[in-house]
Amino acid sequence: MRRKLAAGNWKMNGLQASLAELSTLAAEHAEASSEVLICPPATLIGAAVAASDGAIGIGGQDCHAEVSGAHTGDISAQMLKDAGATHVILGHSERREDHGESDTDVRTKARAAIDAGLKVVICMGESLDEREANNTLDIIGGQLAGSIPDQVTGENLIVAYEPIWAIGTGKVPTLDQIGEVHDFVRARLEKRFGEGVGRSVRILYGGSVKPGNAAEIFAVSNVDGALVGGASLKAKDFGPIITALDNS
Ligand code: 13P
């Protein structure tokens, strides 16, 4: 059985005052059957680990591929782990777009993160043009093959399907479209890594998940949880998403 995962990506949002949201979530959802993960900006990771009191996992949003060295402004996977992080998001479309990250970059970072003992949340998704040209599965297939390193296990890999056109737009694919991609990802993972590993990897949906649409998305086949941006910033929004996942 795959344990459901509600993951929040705070992106470049969050100051010390935001830690109160984490304390609230940790208190309200300490008994959640789903796993809960928040990925705050790196400046807050240490404090977030303390504020979440072990009830919520804390992750980074990116890491460098090397362990240390002359890379001003970058953070290594080992540093995230040292700060108390358990996971790292890699290959988010905003990283791919803003920083020109390729599938190879993402795969190299993922290898470094796994070596450092982190679980990786590897993101992929098509643009609107690619969706409209009926290229979605080709794009996802390419990102899956290129972004995931060989040494993953069912426990240390999480895949997030995030259609770029659904991120922060309020637009969500139809449930059939979500199911089609998630079933495809599952089949590809089983083919490449074998049924045992392929069936254990959690596949998250991300892109405009809100309290109002979470339950119907969580009912789709092979949706094992969500990667949530805007609605993860406030406990009053993220809490009902966790509850919907618990009840799914
Ligand atoms: P929104 O939930 O704000 O659409 O963001 C999704 C996302 O990019 C999570 O990584």
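Values in this document were obtained by computation on a predicted structure and should not be read as measured data. Just so you know, residue 1 is the first one in the sequence shown, and it goes up from there. Whatever order the structure lists ligands and atoms in, that order sets their numbers, starting from 1.
- Between the side chain of R186 and the backbone N or O of G198, at least one donor-acceptor pair lies under 3.5 Å.
- Salt bridge R111/D150: absent, no basic N to carboxylate O contact under 4.0 Å.
- In this structure, ligand 1 sits under 4.0 Å from heavy atoms belonging to N9, K11, H92, E162, A166, I167, G168, G207, S208, L227, V228, G229, G230.
- Aromatic ring orientation, H182 versus Y161: perpendicular (interplanar angle above 60°, classes split at 30° and 60°).
- The number of heavy atoms from other shown groups lying within 6.0 Å of CD (Q78) does not exceed 12.
- Side-chain atoms of D237 never come within 3.5 Å of backbone atoms of S232 as a donor-acceptor pair (strictly under, hydrogens ignored).
- In summary, D62 and K109 engage in a salt bridge, as defined by a charged side-chain N under 4.0 Å from a carboxylate O.
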